[in-house]
**Student:** 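Just passing along the structure, written as C-alpha cells.
Computed from a predicted structure; not experimentally measured.
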Amino acid sequence: MTVLFWILGALAVPTLIFVLWLAWVFVKELFHPTPDDDAEAAEAARAAEELGLLPVERQNTDLSAPLPAEWAAVLTAVRAGDWQPAADLLAAIGRDWERRSAATSLLAERAAEEDDWLLAWEAARRDDPDAAVVRARSTVILAWDLRGGKQAQHTSREQFDAFHRTLAGAREEVARAAELNPDDPTPYIAEIWLALGLGYPNAQMDKLWAEITARAPHHYEAHFSALQYWCAKWRGSERLAAEFAERAAAEAPPGSLLTALPLIAHFEHDESEDTAADNTPQMVARVDAALADAAAADPSHPRLPELRHLLAFYLHLQDRNEAALEQFKLVDGYVNALPWRYRGNKAAYYCRVRDTVVRTVTQTATADA
C-alpha cells in the first residue's frame, strides 16, 4: 500500500505542475494580453476614432444619451439650489407621461443626493403634485442606494434594515403623490420598486399594474420596471418574464419601443457561454421587430437610446455588424444602459464590443475592395 501511495504521489506532482502552469497562463493572458491582442485592440480603437467614436475615458457613464439642453439647465439650477426651473419643466411637460417619468427620475436622483432645493419647493408649494412625485421617487431611489447593488448574501443586515425602513416611508409618499394627481401613472411606476423591495405577492402586483395600464397602457419605463419584477431574480421566473415581455410587445403600437422587452427578458436569463441562443430564428425576429420599432419611434423619445444600445449589442452577436455599427454611432459617448450597465467597467466593455464591430466592418470592407 505504501508503494502505491508513492506511485500516486509521483504521478500527482507533474499533474499539479501542469495545472499550476495552465493557471499562470490564464492569469497572464487575462491581465497582460499578448502583443498581437494589444496590437489588434489598438488598431480597432484607431479605426473607431477615425469614425468619430469616442475612447473609453470620454464615455459618459451616468446617462444613456445626452440630455435635452433645457433638462440639463434644470439640473444645473437644482444643484445650485433653485427649484423654480424644475417646477416650470414639469408644468410644461404636462400629461406627456413618458417625459414626465423620465424628468422626475432625473430630478429624484439629484434629490436623493441633496434635497435642500426640494425642501424649499415643498415649503413654497405645500400640495404641489410635481414636488410630491419627485419626493416619492427620490425616497425610493435613496432606499435602493442604501441597500446597494450587491446580491443578498453580500448585503449587511444594517443595509437591509435601512433599505426596508426607507421603503416604508416611501410607500406613504407614493400614495400622497398619487392622491394629489390621480391621472398620473408616475407614482405607481415608482411603487413597482417598492413591490420588488418589499416583496409584493403576484396578485398585489397585478392590482398595481392595472392602475398603471389604466393611465398609460404602453408606457416604456413602467414596462421595463415591471419586467424586472417578473424576472427570476426577483418575484417571478424566466417563463413569467418572457410571457409578460412578449405580450406587451405584441399589443403595443409601433414606436412605443416595447419590442425591447423580449430582448431584455432574454438578456436577464441568458446564462449560455456562446452566441447560439442569440442567433435563433426567434431572436433574429425580435431584433428585426425592434429595428422597425426604433424607426417608427419619435426621435426625441427619452427611452429610444436604451433600445439602440440593445440593438447594437444583439446585432453584433448575430454577426450583423454593419447594422450594429449604425446603432453604435447613434449612441456613442453614453453607456449607462443595458447590456453595459451590468459590468463593473461599463465604458470599457462597451468600447471593447464597439471596437470589435468596427474592426469586423473595416476588415470586410477592405476584403471587398
**Student:** Please list every donor-acceptor pair under 3.5 Å in which a side-chain atom of residues 81-92 meets a protein atom from a residue at least two apart or in another chain.
**Tutor:**
unit_1: Asp82; atom_1: OD1; unit_2: Gln84; atom_2: N; d: 3.1
unit_1: Gln84; atom_1: NE2; unit_2: Asp88; atom_2: OD1; d: 2.9

**Student:** Under 4.5 Å between side-chain heavy atoms, counting indirect links through other Ile/Leu/Val/Met/Phe/Trp/Tyr residues: same cluster for Leu146 and Ile141 or not?
**Tutor:**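 Shared cluster, no.
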**Student:** Which heavy atom of Ser256 sits nearest a heavy atom of His301, and at what distance?
**Tutor:**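 Closest approach of Ser256 to His301: O-NE2, 4.4 Å.
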**Student:** For Glu191, what residues pass the salt bridge (Lys or Arg N to Asp or Glu O under 4.0 Å) criterion, not counting sequence neighbours?
**Tutor:**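 With sequence neighbours excluded, Glu191 shows a salt bridge (Lys or Arg N to Asp or Glu O under 4.0 Å) to no residue whatsoever.
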**Student:** Tell me whether Trp117 contacts the main-chain N or O of Glu114 through its side chain, where contact means a donor paired with an acceptor under 3.5 Å.
**Tutor:**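 The answer is yes, because a donor-acceptor pair under 3.5 Å joins these two groups.
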**Student:** Counting distance only, does the side-chain N/O of His219 pair as donor-acceptor with the main-chain N or O of Trp97 below 3.5 Å?
**Tutor:**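 Indeed, once roles are kept as given, a pair shorter than 3.5 Å links the two residues.
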**Student:** Please name all residues satisfying side-chain hydrogen bond (donor to acceptor under 3.5 Å, both in side chains) with Arg352, sequence neighbours left out, ordered by chain then number.
**Tutor:**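 Result, side-chain hydrogen bond (donor to acceptor under 3.5 Å, both in side chains) vs Arg352: none returned.
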**Student:** Does Phe328 form a ring-ring contact (aromatic ring centres under 6.0 Å, His included) with Tyr350? I'd like the steps, not just the answer.
**Tutor:** CA-CA 9 Å; Phe328 274 117; Tyr350 166 88; 5.4 Å; yes
**Student:** For Tyr334, what residues pass the side-chain hydrogen bond (donor to acceptor under 3.5 Å, both in side chains) criterion, not counting sequence neighbours?
**Tutor:**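 Expected list: none.
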**Student:** So, are Glu221 and Arg303 salt-bridged, with charged N and O less than 4.0 Å apart?
**Tutor:**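 Yes, Glu221 and Arg303 are salt-bridged.
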**Student:** Between Asn321 and His316, is any pair of side-chain heavy atoms under 4.5 Å apart?
**Tutor:**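 Result yes, sub-4.5 Å side-chain heavy-atom pair found.
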**Student:** I'd like to know whether Arg171 forms a side-chain contact (heavy atoms from CB on, under 4.5 Å) with Leu198, so could you lay out the CA-CA distance, the side-chain angles of the two residues, the decisive distance to 0.1 Å, and finally the verdict.
**Tutor:** CA-CA 10 Å; Arg171 199 169 193 172; Leu198 298 177; 4.0 Å; yes
**Student:** Is it true that Asp130 and Arg100 make a salt bridge, defined as a side-chain N closer than 4.0 Å to a carboxylate O?
**Tutor:**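 Answer for the salt bridge query: yes.
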**Student:** Should the pair Glu243-Arg239 be classified as a salt bridge under the 4.0 Å nitrogen-to-oxygen rule?
**Tutor:**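 Between Arg239 and Glu243 there is a salt bridge, with a charged N closer than 4.0 Å to a carboxylate O.
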**Student:** For Cys351 and Pro55, work out which heavy atoms get closest and say how close.
**Tutor:**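 Result for this residue pair: SG-C, 4.1 Å.
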**Student:** So, are Arg95 and Asp183 salt-bridged, with charged N and O less than 4.0 Å apart?
**Tutor:**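 Here Arg95 pairs with Asp183 in a salt bridge, since their nearest N and O are under 4.0 Å apart.
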**Student:** I'd like to know if Arg46 and Asp355 make a salt bridge, using a cut-off of under 4.0 Å between side-chain N and carboxylate O.
**Tutor:**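 Salt bridge flag = no for Asp355 with Arg46.
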**Student:** I need the minimum non-hydrogen distance between Pro253 and Asp293, along with the two atoms involved.
**Tutor:**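 Minimum heavy-atom separation between Pro253 and Asp293: O-OD1, 4.2 Å.
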**Student:** In the structure I gave you, are the side-chain heavy atoms of Gln59 and Leu53 within less than 4.5 Å of one another anywhere?
**Tutor:**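 In short, these two side chains do not touch, never coming nearer than 4.5 Å.
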**Student:** Give a yes or no on whether the ring-centroid distance for Tyr342 and Phe267 is below 6.0 angstrom.
**Tutor:**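 Yes, the ring of Tyr342 comes within the 6.0 Å limit of the ring of Phe267, centre to centre.
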**Student:** Keeping to residues at least two apart or across chains, list the salt bridge (Lys or Arg N to Asp or Glu O under 4.0 Å) pairs with something in residues 258-279.
**Tutor:**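 Only Lys233-Glu268 qualify under salt bridge (Lys or Arg N to Asp or Glu O under 4.0 Å).
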**Student:** Could you measure the distance from the CZ atom of Arg286 to the CD atom of Gln318? Nearest 0.5 Å is fine.
**Tutor:**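 Rounded to the nearest 0.5 Å, the CZ-CD separation comes out at 10.5 Å.
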**Student:** Around atom CD of Glu322, are there more than 12 heavy atoms from other residues, nucleotides or ligands closer than 6.0 Å?
**Tutor:**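 No, because the 6.0 Å sphere around CD of Glu322 holds 12 heavy atoms or fewer from other groups.
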**Student:** Using 4.0 Å as the upper bound for N to carboxylate O, is an ion pair formed by Asp332 and Arg58?
**Tutor:**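 Judged by the 4.0 Å cut-off on N to carboxylate O distance, Arg58 and Asp332 do not form a salt bridge.
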**Student:** To the nearest 0.5 angstrom, please state how far the CG atom of Leu75 sits from the CG atom of Leu107.
**Tutor:**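 Between Leu75 CG and Leu107 CG, I get 6.0 Å after rounding to 0.5 Å.
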**Student:** Is the Phe244-Tyr229 ring centre distance short of 6.0 angstrom?
**Tutor:**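 Between Tyr229 and Phe244, which both carry aromatic rings, the centre distance is not below 6.0 Å.
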**Student:** Should Arg320 and Val287 count as side-chain neighbours, where that means a heavy-atom distance under 4.5 Å?
**Tutor:**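 In contact.
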**Student:** Run the salt-bridge test on Glu43 and Arg359 with the 4.0 Å N-O cut-off and return the result as yes or no.
**Tutor:**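 Answer for the salt bridge query: no.
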**Student:** Checking Phe224 against Leu338 for the side-chain contact (heavy atoms from CB on, under 4.5 Å) test, could you report, in this order, the C-alpha distance in whole Å, the side-chain angles of both residues, the deciding distance, and whether it holds?
**Tutor:** CA-CA 11 Å; Phe224 174 86; Leu338 292 179; 4.0 Å; yes
**Student:** For a side-chain contact (heavy atoms from CB on, under 4.5 Å) check, start with the C-alpha distance between Leu307 and Leu257, then their side-chain angles and the critical distance, and finish with the verdict.
**Tutor:** CA-CA 7 Å; Leu307 178 56; Leu257 309 183; 3.9 Å; yes
**Student:** Working to the nearest 0.5 Å, report the span between CG of Asp319 and CG of Asn279.
**Tutor:**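 Atom-to-atom, Asp319:CG and Asn279:CG are 6.5 Å apart.
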**Student:** Hey, is CD on Glu211 packed in by over 12 heavy atoms from elsewhere, all under 6.0 Å?
**Tutor:**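 Yes, enclosed.
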**Student:** How about Val335 and Asn60: do any of their side-chain heavy atoms sit closer than 4.5 Å?
**Tutor:**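 Counting from C-beta outward, Val335 and Asn60 never come under 4.5 Å.
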**Student:** Can you find a heavy atom in the side chain of Leu194 that is under 4.5 Å from one in the side chain of Val140?
**Tutor:**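 Heavy-atom side-chain distance check passes, below 4.5 Å.
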**Student:** Using only heavy-atom distances, determine whether the side chains of Ser225 and Trp193 contain a donor-acceptor pair under 3.5 Å.
**Tutor:**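 The answer is yes; a qualifying pair exists.
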**Student:** Does Leu106 reach the side chain of Leu63, with side-chain heavy atoms less than 4.5 Å apart?
**Tutor:**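 A side-chain contact under 4.5 Å exists here.
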**Student:** Under 4.0 Å between a side-chain nitrogen and a carboxylate oxygen: does that hold for Arg99 and Asp298?
**Tutor:**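 Result for this pair is yes, salt bridge flagged.
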**Student:** Indicate the atoms forming the closest heavy-atom contact of Ala48 with Arg354, along with that distance.
**Tutor:**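 For Ala48 and Arg354, the tightest heavy-atom pair comes out as CB-NH2, 3.8 Å.
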**Student:** Mind checking what makes ring pair (Phe, Tyr, Trp, His ring centres under 6.0 Å) contact with Tyr188, not counting sequence neighbours?
**Tutor:**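 Testing Tyr188 for ring pair (Phe, Tyr, Trp, His ring centres under 6.0 Å), a comparison that skips the adjacent residues, returns none.
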**Student:** Do you reckon Tyr349 sits in the same ILVMFWY cluster as Val56, going by side-chain contacts under 4.5 Å, direct or chained?
**Tutor:**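 Different clusters: Tyr349 never reaches Val56 through Ile, Leu, Val, Met, Phe, Trp or Tyr contacts under 4.5 Å.
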**Student:** Could you walk me through whether Val133 and Asn181 satisfy the side-chain contact (heavy atoms from CB on, under 4.5 Å) test, starting with their C-alpha distance in whole Å, then the side-chain angles of each, then the deciding distance to 0.1 Å, before giving a yes or no?
**Tutor:** CA-CA 9 Å; Val133 75; Asn181 192 354; over 6 Å; no
**Student:** Applying the 4.5 Å side-chain criterion to the ILVMFWY set and letting contacts propagate, would Leu54 and Leu330 be lumped into a single cluster?
**Tutor:**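 Leu54 and Leu330: separate clusters.
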**Student:** Measuring from Glu306:CD to Ile264:CD1, what's the distance to the nearest 0.5 Å?
**Tutor:**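 CD1 of Ile264 is found 7.5 Å from CD of Glu306.
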**Student:** Over all heavy atoms of both residues, which pair between Arg341 and Lys346 is shortest? Give the atoms and the distance, please.
**Tutor:**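 Arg341 and Lys346 have their closest heavy atoms at CA-CD, 4.1 Å.
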**Student:** Do Leu304 and Val331 have side-chain heavy atoms sitting under 4.5 Å apart?
**Tutor:**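 Answer no - side chains too far apart.
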**Student:** Just by distance, do the side chain of His269 and the backbone of Ala232 share a donor-acceptor pair under 3.5 Å?
**Tutor:**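 Side chain of His269 to backbone of Ala232, a donor-acceptor pair under 3.5 Å: yes, one is there.
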**Student:** Are Leu180 and Trp121 linked, directly or through intermediate hydrophobic residues, by side-chain heavy-atom contacts shorter than 4.5 Å (ILVMFWY only)?
**Tutor:**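 Different clusters.
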**Student:** Determine yes or no for a side-chain-to-main-chain donor-acceptor pair under 3.5 angstrom, with Thr76 supplying the side chain and Ala72 the backbone.
**Tutor:**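 Flag set: sc Thr76 to bb Ala72 pair under 3.5 Å.
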**Student:** When the ring centroid of Trp209 is compared with that of His223, is the distance short of 6.0 Å?
**Tutor:**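 Yes.
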**Student:** Would you give the length of the straight line joining atom CG of Asp145 to atom OG1 of Thr139, rounded to the nearest 0.5 angstrom?
**Tutor:**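 Going from the CG atom of Asp145 to the OG1 atom of Thr139 covers 11.5 Å.
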**Student:** Between CZ of Arg110 and OG of Ser105, what distance do you get to the nearest 0.5 Å?
**Tutor:**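 Rounded to the nearest 0.5 Å, the CZ-OG separation comes out at 9.5 Å.
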**Student:** Do Arg137 and Thr186 touch side chain to side chain, with heavy atoms closer than 4.5 Å?
**Tutor:**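 The answer is yes, as the side chains (C-beta and beyond) meet within the 4.5 Å cut-off.
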**Student:** List the atom of Ala290, the atom of Leu311, and the distance in Å for their closest heavy-atom pair.
**Tutor:**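 Looking at all heavy atoms of both residues, the closest pair is CB-CD2, 3.6 Å.
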**Student:** Decide whether Tyr220 and Leu67 are clustered together by the hydrophobic rule: side chain heavy atoms of Ile, Leu, Val, Met, Phe, Trp, Tyr closer than 4.5 Å, transitively.
**Tutor:**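 Shared cluster, no.
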